[in-house]
There are 2 protein chains.
Amino acid sequence: MSTKPRSTYHHGDLRQSLIDGAIALISTAGVSDLSLRQVARHIGVSHNAPYRHFEDKEALLAAVAEEGFKALTLTMETARQDTPPGTKAALTAIGSAYVRFALAHPAHYRVMFSEFRSNFHDYPSLAAAGQKAFMVLVSTIAAGQTAGIFKAADPWELARVAWSLVHGQALLILDHRIPVASEAKLEEFLQFSCQLLISGMASV
Amino acid sequence: MSTKPRSTYHHGDLRQSLIDGAIALISTAGVSDLSLRQVARHIGVSHNAPYRHFEDKEALLAAVAEEGFKALTLTMETARQDTPPGTKAALTAIGSAYVRFALAHPAHYRVMFSEFRSNFHDYPSLAAAGQKAFMVLVSTIAAGQTAGIFKAADPWELARVAWSLVHGQALLILDHRIPVASEAKLEEFLQFSCQLLISGMASV
DNA sequence: CCCTATATGTTGTCAGCGTCAACATATAGG
DNA sequence: CCTATATGTTGACGCTGACAACATATAGGG
């Protein structure tokens with residue numbers, strides 16, 4: 001049921017299938033247990049087929065991560081659109097959306113921040129996708145500064161602080177190191193921490 | 001030079017040697033590339049000797065993580081001792097010490113927060129060591145509340161926010177996702193973010 | 001329409017890995 | 001001293017990532 005039958009010798013869209021298969025397997029077994037051969041088997045293709053589309057295992061993970069960053073960017077942008085620009089609510093919305101993305105897509109998120117043996121800068125399109133996601137944060141903060149809501153400081157530096165907070169939250173919750181008893185408790189925690197940070201960032 | 005010669009059949013302190021060897025190898029090759037056999041070879045012992053001291057590879061990593069949490073606890077407690085209790089300076093000191101510990105001991109830190117297939121709660125002494133480290137944060141914050149410096153709120157919840165921030169910072173810097181040009185820039189960033197958080201936590 | 005270049009998938013192979021089982025040696029306690 | 005047990009070794013198995021050689025399909029020019 002996991003693989004649609006393939007009558008032709010060629011697969012059609014093996015590259016994307018590999019990415020999807022990797023996500024599916026990581027979701028059930030964790031990223032460190034993922035094997036390329038497993039993914040190939042899952043899709044119904046020989047153990048070496050993946051090498052026609054990815055240089056090695058890490059390159060597949062880089063593609064997964066890139067997809068994740070693009071989805072994260074979209075998620076944050078959408079969340080921001082529902083709030084008036086240049087407000088505290090806008091920053092709260094994307095901060096909350098960030099953590100919720102990680103919790104909703106743990107496999108993607110873990111790969112996005114897994115340790116790439118070669119620096120992740122060796123995958124230019126991945127680095128670009130990551131940068132684009134980060135820019136959503138920076139621009140939101142900069143807009144708040146223009147509106148006079150946040151203190152005057154390097155918006156990049158402020159964004160790094162905010163990113164640290166939500167990234168730490170996301171990982172600690174995913175690792176069950178910060179307990180989350182219920183959806184209501186989660187919402188409460190996210191609001192609490194965003195307000196804490198934002199009041200620290202406030203002007204005056 | 002990495003292994004002292006062993007004339008006797010028995011090693012003497014293989015357990016600790018394995019932990020040390022694991023750290024040494026992770027430091028040069030990353031945690032995902034670590035192999036038990038590599039550690040055994042490094043120490044000069046057969047590929048199955050480790051199994052007399054650890055149930056499996058993950059158990060060795062759990063021991064490494066536990067050692068790391070104990071060292072982290074010590075580091076934070078020491079940092080706190082140099083500051084007057086119940087002050088913002090105390091919290092800044094342990095926050096800064098936390099991130100600096102991660103940067104100084106990346107191998108330990110990565111293992112401490114690596115994804116344990118079995119929940120890390122399956123290693124009771126590891127969970128206890130982690131809890132103890134966290135309690136340094138909680139107690140510092142509670143002391144500040146008693147002194148009237150931090151706002152009245154669940155100190156555990158405040159500690160979770162603070163932990164998220166420093167944990168996120170530590171990982172993002174380790175992964176070269178937050179650039180650190182120099183020691184001076186690092187110090188500046190740590191002070192900046194701690195003050196941001198603390199002013200958000202301030203009473204009134 | 002064919003024919004060849006190239007893209008894509010397969011089979012075979014290798015060393016390294018984690019782990020189990022069987023065996024060997026050293027140490028400790030009666 | 002002698003035996004039980006703790007500790008280390010050797011051998012094996014299936015799995016893995018990766019390379020090389022091969023097979024098939026598709027596309028584009030004659």
Side-chain angles (χ1 to χ4, degrees), chain A residues 2-22 24-26 28-65 111 114-118 122-123, chain B residues 2-22 24-26 28-65 111 114-118 122-123:
Chain A
S2 58
T3 66
K4 23 188 168 179
R6 165 175 59 109
S7 50
T8 58
Y9 184 85
H10 283 258
H11 178 280
D13 194 6
L14 186 49
R15 196 190 131 91
Q16 187 60 43
S17 295
L18 288 166
I19 294 177
D20 297 342
L25 294 178
I26 292 172
T28 68
V31 54
S32 62
D33 282 2
L34 181 77
S35 85
L36 261 190
R37 295 170 96 111
Q38 207 177 123
V39 178
R41 239 177 285 135
H42 179 77
I43 296 178
V45 98
S46 83
H47 68 263
N48 250 358
Y51 286 92
R52 298 295 164 186
H53 299 271
F54 298 100
E55 195 178 336
D56 55 16
K57 184 182 172 182
E58 193 174 81
L60 169 58
L61 292 180
V64 169
V111 174
S114 67
E115 191 181 3
F116 289 93
R117 153 176 1 170
S118 33
D122 295 355
Y123 302 95
Chain B
S2 57
T3 66
K4 23 189 166 176
R6 164 175 59 108
S7 51
T8 58
Y9 184 85
H10 283 261
H11 178 280
D13 194 6
L14 185 50
R15 195 190 131 92
Q16 187 59 44
S17 294
L18 287 166
I19 295 177
D20 296 343
L25 293 177
I26 292 172
T28 67
V31 55
S32 62
D33 283 2
L34 181 76
S35 85
L36 261 189
R37 293 169 98 111
Q38 206 178 119
V39 179
R41 239 176 288 134
H42 180 76
I43 295 178
V45 100
S46 83
H47 69 265
N48 251 356
Y51 286 89
R52 299 295 164 188
H53 299 272
F54 298 100
E55 195 178 338
D56 55 17
K57 183 182 173 181
E58 194 174 81
L60 169 57
L61 292 180
V64 169
V111 174
S114 67
E115 192 181 2
F116 288 94
R117 153 183 9 217
S118 32
D122 294 355
Y123 302 94

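Residue A:Arg41 has a polar side-chain atom (N or O) positioned under 4.0 Å from OP1 or OP2 of D:dT16. The phosphate of C:dG9 (OP1 or OP2) has no side-chain N or O of A:Ser46 nearer than 4.0 angstrom.
Of the candidate nucleotides D:dG17, C:dT10, C:dG18, C:dG18 has the atom lying nearest to any side-chain atom of B:Lys57.
Counting distance only, with no hydrogens placed and no angle test, the side-chain atoms of A:Arg15 and the base atoms of C:dT8 include no donor-acceptor pair under 3.5 Å. Remark: the B:Asn48 side chain and the D:dG11 base include a donor-acceptor N/O pair separated by less than 3.5 Å. With hydrogens and angles ignored, no donor-acceptor pair closer than 3.5 Å exists between the side chain of A:His47 and the base of C:dG9. A donor N or O paired with an acceptor N or O is not found under 3.5 Å between the base of D:dG8 and the side-chain atoms of B:His53.
Atom CG in B:Asp13 sits roughly 19 Å away from atom P in C:dA26 (whole-Å rounding). Here D:dG17 presents its C1' atom at 11 Å from CG of B:Asp33, a figure rounded to the nearest Å.
Side chain of B:Glu58 to main chain of B:Arg117: a donor-acceptor pair is present (N/O by atom type, distance under 3.5 Å, no hydrogens or angles).
Taking for each of A:Leu34 and A:Arg52 the nucleotide of DNA chain D with the nearest heavy atom, the 5'-most of the two is the partner of A:Leu34.
For the pair A:Phe54/A:Leu18, a side-chain contact is recorded, criterion being any heavy-atom separation below 4.5 Å from C-beta on.
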